[in-house]
Each structure stands twice: as C-alpha cells, then as structure tokens.
Trainee: 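Sharing a structure here in structure tokens format.
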Amino acid sequence: MIKITFPDGTIREYESGITGLDIAKSINERLANEVLAVSIDDEIIDATRSITNDAKILLHKWESEQGKHAFWHTSAHIMAEALEAVFPGIKLGIGPAIENGFYYDVDMPDDQVLSDKDFAKIENKFLEIARGKHQIIRKDMPKNEALEFYSQKGDEYKVELINDLTDGTITFYTQNNFTDLCRGPHLPNTGFIKAFKVMSIAGAYWRGDEKRKQLTRIYGISFPKKKLLDEYLVMLEEAKKRDHRKIGKELELFYFSERVGQGLPLWLPKGAMLRERLENFLKKVQKEYGYEPVITPHIGQKDLYVTSGHYAKYGADSFQPITTPAEGEEFLLKPMNCPHHCEIYKHKPRSYKDLPVRYAEFGTVYRYEQSGELHGLTRVRGFTQDDAHIFCTPDQLKDEFKKVIDIVLYVFKTFGFEGFTTQISLRDPENTEKYIGSDENWNKAETAIIEATEEKGLKTVVELGEAAFYGPKLDFMVKDALGRKWQLGTIQVDYNLPERFELEYTGSDNQKHRPVMIHRAPFGSMERFVAVLIEHTAGKFPLWLTPNQAIILTISEKYNNFAKKVGNKLNISDIRSQIDERSEKIGRKIRDAELQRVPFMIILGEKEQETNTISVRKQGEGDLGTMTVEEFIQFVNKEVEKELEK
RNA sequence: GCCAAUGUAGCUCAGGGGUAGAGCACUUCCUUGGUAAGGAAGAGGUCAUGGGUUCAAAUCCCAUCAUUGGCUCCA
C-alpha cells in the first residue's frame with residue numbers, strides 16, 4: 001500500500017501501481033471524466049501512469065494551466081495524425097502546446113502548399129479521430145530503435161531531434177494510427193476533445209534558424225466543449241474591435257499612406273492633439289524630476305555612429321547613408337538620440353557638482369524594420385521616443401535608476417496599466433563577445449539594476465541574453481488586445497557610450513572621471529504607447545487626454561447661437577469642445593457622438609435656452625441631468641484632477 | 001527578408017471572362033425634432049500597379065507594391 005497526500009492535506013492509502021485516473025475514480029466517477037493529467041510530487045505525468053511510492057498528488061482538470069497544456073499537447077498529436085491522413089508524405093517537426101492552443105510545424109510533401117482552403121478537411125479528420133476515443137499509450141524505446149523508426153519513416157526532423165536527446169531511452173505516445181516522439185504528458189484518450197479549429201498557418205524556420213528550411217506552422221485550438229470554442233471565437237471578435245488600427249481609423253487619429261511609405265505613420269489632427277497632450281503630461285513630470293529639454297537634428301554624420309558603435313553593429317541593416325551632392329559626405333538618419341545627447345554633454349567641461357545631468361527630448365528616430373515586422377503603430381520605421389539620457393556618477397546610478405522607475409510607475413498608474421510585467425535583461429554569459437564594454441562595467445550595471453528593482457519592490461523576470469549590446473536594461477511590457485506583448489517603458493544602463501565618446505567630469509579629487517549614462521523612455525515611443533493606450537481603453541481615453549472632452553448637440557438649428565455661447569464659455573475654461581450644428585435629429589447626433597466616444601454630450605434646446613442651463617449626457621452611461629455651464633466646467637476640472645492625481 | 005492569405009467608392013463589404021454593386025459617409029433639397037440611425041435626390045471607382053493569356057480581363061496567369069497572420073530580427 002502507498003500513501004497519497006491530497007492538496008487539502010488528507011491522506012489516503014492505495015495499492016501500489018494505482019493510476020491517477022483510478023484515484024480520481026475512487027473519489028467520484030465524474031471527476032475521473034475530467035482529469036486530464038496529474039502531478040506526482042510536482043512532476044506532471046499522464047493520468048494513466050502507475051504510482052508506486054508515497055506521494056503528493058494534484059489532479060489537473062481543464063481549469064488548470066497544466067490541464068490545458070496536456071489537453072492541447074494531445075490535440076497537437078491528433079492534428080498531426082489528421083495532417084498525415086490528409087497529406088500523405090508530410091514530414092513532422094515539432095508540435096507543442098502554447099498559451100492559446102498549439103501548433104505543429106510540418107514540411108509539406110513535394111511542392112504541395114497548405115492553405116486555408118484545407119482547414120475544413122483537417123478539422124473533419126481531427127474530429128473523426130477524437131470521436132474514436134482512442135487510448136493514448138505511452139511507450140519507452142531505446143534510442144537506436146527510435147532512430148530506426150523515424151529513419152524508416154523518412155522523417156529527418158525527428159531523427160535530428162532524437163540525435164540531440166541525451167537520454168538513453170526515448171518516450172513515444174501512440175493513439176489510433178499515429179505515434180509521436182514526446183515527453184508527455186497526454187490525456188488518457190482522444191475522446192476528451194470535443195471541439196477543434198485550425199486558426200492560421202504561417203511559415204516558421206526549422207528550430208527558429210533563419211538559415212534552415214522554412215516549415216509550415218499550423219496553429220490550432222481545441223476545447224472539451226463546443227460551447228467553449230464558440231465563446232473563444234466571440235472573445236477573439238471582441239478583441240478585434242479594440243484593435244488600435246481599427247479604432248485609429250474610426251476616430252481619425254492616424255493614417256498610413258502608401259505614397260509616404262510603409263511604417264511611416266501620419267498623425268491626423270485628433271491624433272496629433274492627443275499626442276501633444278501626452279507629451280505635455282510627461283514634460284511636466286520630467287520638469288519636476290529635474291530634466292532639461294534639448295533638441296537635436298534628425299540626421300548626423302556617419303562618423304557619429306561609427307564612434308557610438310551603432311554603425312558597426314547595425315549599419316548594414318539600416319537605412320543607408322545620405323550623401324551631400326558636392327563633397328559626398330555621409331549622413332545617417334538618426335536611429336537613436338543618445339549620440340547627439342552625448343555631444344551635448346561634451347559641449348563644456350563638467351564638474352561632479354553638475355551631475356546628474358538629465359537631457360530630455362521627444363526625439364524622432366528612423367529604423368529600418370523588416371517589412372514583415374511592421375504592425376500598425378506598434379512597430380514602425382519612423383517614431384518618436386520620449387527619450388532622455390541621464391549622466392551621473394557611478395555612486396548616483398542606483399538612486400537615479402530608482403527615480404526613473406518612479407516616473408514609469410506613475411505613468412502606468414495614471415493610464416491604468418495594471419497588467420504590465422517587468423523584465424531585467426542581462427548579458428548572455430556564454431556569448432560575451434556580442435557585447436561591447438568591459439566585464440567589470442557590465443557587472444556593476446547589472447548589480448545596480450537588480451538592486452534598484454528589489455528596493456522598489458518590483459516583481460521582475462530575469463532574461464539572460466536579452467540585454468542591448470551596450471548595457472543591461474529593465475523593460476516594462478504590456479499586452480495588446482490580441483495578447484501580443486509589447487515593450488513600453490525601458491530603462492537602460494550604459495557604461496559604454498561614455499567610454500566611446502570620452503565623456504568626463506572633474507571629481508572632488510580634481511581628477512577626471514567617467515560618468516555613467518542611463519537611457520530611459522517611460523512611454524517607449526509615442527506611437528507604440530498610443531497604440532497600446534487605444535487598445536487598453538478601447539478608444540475611450542481619459543478625460544484629460546481625449547481630443548474632444550465635450551460635444552454640444554443642438555435640438556434644432558434654432559439653438560445654434562446659444563450653442564456658440566456655451567462653446568465659448570467652455571473654450572475660455574480650456575475645456576475642449578465641438579458643436580454639432582447639423583440639421584439632424586437629436587437621436588442621430590447622440591449616436592454619432594457615442595460612436596466617436598466623446599466623454600460628454602451637452603444637449604441644448606428650448607428648455608436649456610430659457611433657463612440658461614445645459615443638459616449633460618455621459619458617453620456610455622446616459623443622461624446626467626441639467627446643470628449650469630459653470631457647474632459643468634467645475635465638474636470636468638475635478639474629474640481631470642482626479643485622473644492626474646499622484 | 002521568409003511562408004500564407006488579402007487588395008473592388010472615404011469606410012465596411014458583396015460580386016465575378018461580356019459596359020461596376022450595396023450599406024454607411026459625402027453634396028443638395030425637404031424636415032426643426034428632447035437622449036444611440038428622419039426622408040428624397042445626387043455625386044463618387046482605370047476593381048492596388050505593371051505585364052501576359054483571350055475576340056473580350058475587375059474576374060484567369062506572372063511580377064511588383066501594400067496590408068493581414070506568423071517566423072526571423074528589433075539600437
């Protein structure tokens with residue numbers, strides 16, 4: 001007999017060799033039908049595997065991450081079987097579960113191409129296999145037998161995978177007519193899967209290596225109930241409604257013109273107003289924190305970037321130099337503001353008493369992004385960073401870093417970004433030649449970041465090998481409506497540019513010293529920040545930020561003059577408003593204003609004119625009743641104040 | 001850059017080898033109304049661009065450009 005400990009602490013005794021599934025059955029039959037996998041002493045295994053020792057058990061159902069993982073992993077195998085059936089001769093790569101579903105990378109036979117027209121065939125075959133309720137059987141095989149199996153099958157990708165495995169025995173899982181190399185765990189049988197859909201196809205390089213063959217990646221998702229699939233699809237539709245590209249169009253915020261060029265956003269008046277307000281917001285915060293504005297040109301001599309090291313690192317993959325017609329001098333569109341700011345630092349001798357120096361600029365930079373990577377406002381070729389560079393002594397580094405964290409956190413709080421994650425990017429210790437600068441400086445910088453985040457109580461994920469080539473960094477990431485992660489705020493320590501630009505200050509010892517630099521951008525870029533903000537708010541911007549805070553809707557044209565008077569009063573009090581003077585019915589005007597997401601609608605008719613009041617309606621909520629213009633102005637000002645509270 | 005799909009009016013989209021369609025938006029006129037679409041008429045497109053096949057191409061084929069979803073990349 002063995003002792004099994006349940007999560008609630010109860011202990012039960014079972015025969016040795018019992019399976020997780022049987023244990024579930026011993027509790028009740030229904031539970032047994034829902035158990036997808038089990039954890040035994042924190043190791044996740046098939047529910048059908050025998051347990052022979054005393055252990056802690058955790059039963060994974062659909063509701064748990066691990067349960068979903070097993071569910072989707074098994075689904076990937078079934079999809080592979082379906083693909084083999086629909087496309088004989090197909091070769092399989094890998095097929096893991098992912099955050100939302102799973103994918104399988106395959107090499108299509110001969111010159112066959114997989115397209116969305118094949119989705120239905122794959123789905124039907126998949127469901128046929130699933131409905132067969134085939135047992136899923138685990139089997140160990142010695143490495144040489146495994147190699148033999150796949151060599152015979154002609155699947156060179158699997159052969160390569162097995163060759164890279166260090167274990168002597170390889171595990172396989174079989175269901176119906178399909179066997180796949182896999183560590184597991186898997187569901188007891190295929191019948192758990194009731195709904196399946198192929199989501200999309202994409203090219204994917206074998207093992208993520210650009211130089212190797214591109215396989216076809218098929219993304220799919222599956223569920224234990226048809227209803228869950230329907231709900232998932234509805235959710236995707238809802239997410240699409242928040243897409244910043246769609247809302248940007250609807251609200252006339254920005255636009256891309258083919259003639260201007262891809263990845264080069266044009267800000268329309270309303271978008272420009274919004275952006276201007278964002279900039280002013282940050283300028284005000286930065287002023288409090290002792291930043292000084294600077295302005296630098298959009299191009300600089302190529303030599304500037306040779307000095308900074310950017311040219312050697314990125315020159316070939318960037319917009320190429322522009323040259324002067326007579327002398328042939330080469331200039332680069334600036335991909336970063338920092339070299340310019342370094343030159344500003346250098347324009348006069350510095351004393352330790354001057355530090356820290358904090359130069360801020362909304363600097364527009366241009367980077368050649370690969371065409372396939374461009375995406376709305378989140379990934380563009382010309383964008384404006386809310387950039388600043390802090391030059392300080394090594395002793396000041398940690399404090400300065402912490403102050404920057406404060407700014408980023410204030411910004412995020414103001415915009416209601418709660419679901420952000422923070423990542424510390426450090427060097428890849430195995431591959432140090434990718435980075436410029438000495439080991440000693442890198443270690444100092446990495447320590448400063450880690451300590452500053454700890455002291456600020458940030459929960460961070462540390463990623464090795466994700467650092468910029470010039471220094472480690474702390475990034476703040478936010479997810480967009482479709483679940484894609486984007487980096488917004490960034491704080492980067494740099495010991496290298498001061499070295500390359502020979503930046504100096506005179507210390508109290510009257511000796512020359514090298515300052516440390518911090519690059520930072522709380523928004524990241526205006527473009528990306530606005531994009532994420534649109535998706536976060538679904539276009540319903542905070543009152544202080546939104547292009548029009550109020551729109552005045554007249555019941556009929558007779559009240560247009562009264563409307564102008566009200567509009568003037570709002571204008572004098574810096575409340576941004578517009579008048580809808582069209583000869584439309586009030587219902588229509590309200591509808592249009594609602595769709596434009598104008599926070600307040602002011603309705604003016606006979607009643608209001610006679611009593612010199614206004615009727616206020618709130619977007620998304622409805623009628624707030626009557627008040628005087630003065631009351632409304634006060635109300636709006638109070639709301640704005642609340643929003644900007646620290 | 002690579003793989004796949006898409007490109008028809010300002011927007012959303014239907015159609016499809018034989019003279020280009022809808023709804024919304026726009027213009028004009030009627031209507032002057034009370035909290036999410038009042039009515040009528042009109043105007044608007046070399047069907048992304050360039051080649052090819054064909055008596056005939058928006059439609060079929062090829063290339064290019066752009067967009068979308070991924071991959072790789074991301075100072």
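Proteins come first, then strands; the chains are lettered A, B, ... in the order of their sequence lines, and each starts at number 1. Note: hydrogens, waters and symmetry copies are ignored here, and every other heavy atom, side chains too, is used.
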Trainee: Can you tell me if A/Q370 touches the phosphate of B/C74, counting only side-chain N or O atoms and a distance under 4.0 Å to OP1 or OP2?
Mentor: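 The answer is no; no side-chain N or O of A/Q370 sits under 4.0 Å from OP1 or OP2.
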Trainee: For RNA chain B, which consecutive runs of 3 or more Watson-Crick or G-U pairs (each distance under 3.5 Å) count as stems?
Mentor: B:1-7 with B:65-71, B:10-13 with B:21-24, B:26-30 with B:38-42, B:48-52 with B:60-64
Trainee: Output yes when at least one side-chain N/O atom of A/H375 is less than 4.0 Å from OP1 or OP2 of B/U67, else no.
Mentor: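 For B/U67, neither OP1 nor OP2 has a side-chain N or O of A/H375 closer than 4.0 Å.
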Trainee: At under 4.0 Å, does any side-chain N or O of A/Y314 touch on OP1 or OP2 of B/A75?
Mentor: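 So the side chain of A/Y314 is within the cut-off, an N or O lying under 4.0 Å from OP1 or OP2 of B/A75.
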Trainee: Any N/O pairs under 3.5 Å between the protein and nucleotides 8-10 of chain B? List them or say none.
Mentor:
none

Trainee: Taking the six-membered ring for Trp, does A/Y219 stack with B/G70 (centroid gap under 5.5 Å, planes within less than 30°)?
Mentor: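 A stacking contact does not exist, since A/Y219 is not both close and nearly parallel to the base ring of B/G70.
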Trainee: Report yes if a side-chain nitrogen or oxygen of A/R484 is closer than 4.0 Å to either non-bridging phosphate oxygen (OP1 or OP2) of B/G70; otherwise report no.
Mentor: yes
Trainee: Go through A/K479 and A/E99 one step at a time and tell me if the salt bridge (charged side-chain N to carboxylate O under 4.0 Å, His left out) criterion holds.
Mentor: CA-CA 13 Å; A/K479 273 188 191 171; A/E99 200 175 335; 3.1 Å; yes
Trainee: Got a second to check how far A/I322's CD1 is from A/L333's CG, nearest 0.5 Å?
Mentor: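 Rounded to the nearest 0.5 Å, the CD1-CG separation comes out at 5.0 Å.
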Trainee: When you measure from the side chain of A/E594 to the backbone of A/G620, do you find a donor-acceptor pair of N or O atoms at a distance under 3.5 Å?
Mentor: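 Side chain of A/E594 to backbone of A/G620, a donor-acceptor pair under 3.5 Å: yes, one is there.
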Trainee: Sequence neighbours excluded, which residues qualify as side chain to side chain contact (heavy atoms under 4.5 Å, CB included) partners of A/K565?
Mentor: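 A/K565 satisfies side chain to side chain contact (heavy atoms under 4.5 Å, CB included) with no other residue.
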Trainee: Quick one: is B/A36 close enough that its OP1 or OP2 comes under 4.0 Å of any side-chain N or O from A/K585?
Mentor: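 Result: no.
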Trainee: Counting just side-chain N and O atoms, does A/S115 come under 4.0 Å of either OP1 or OP2 of B/A4?
Mentor: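 Indeed not, no polar side-chain atom of A/S115 lies that close.
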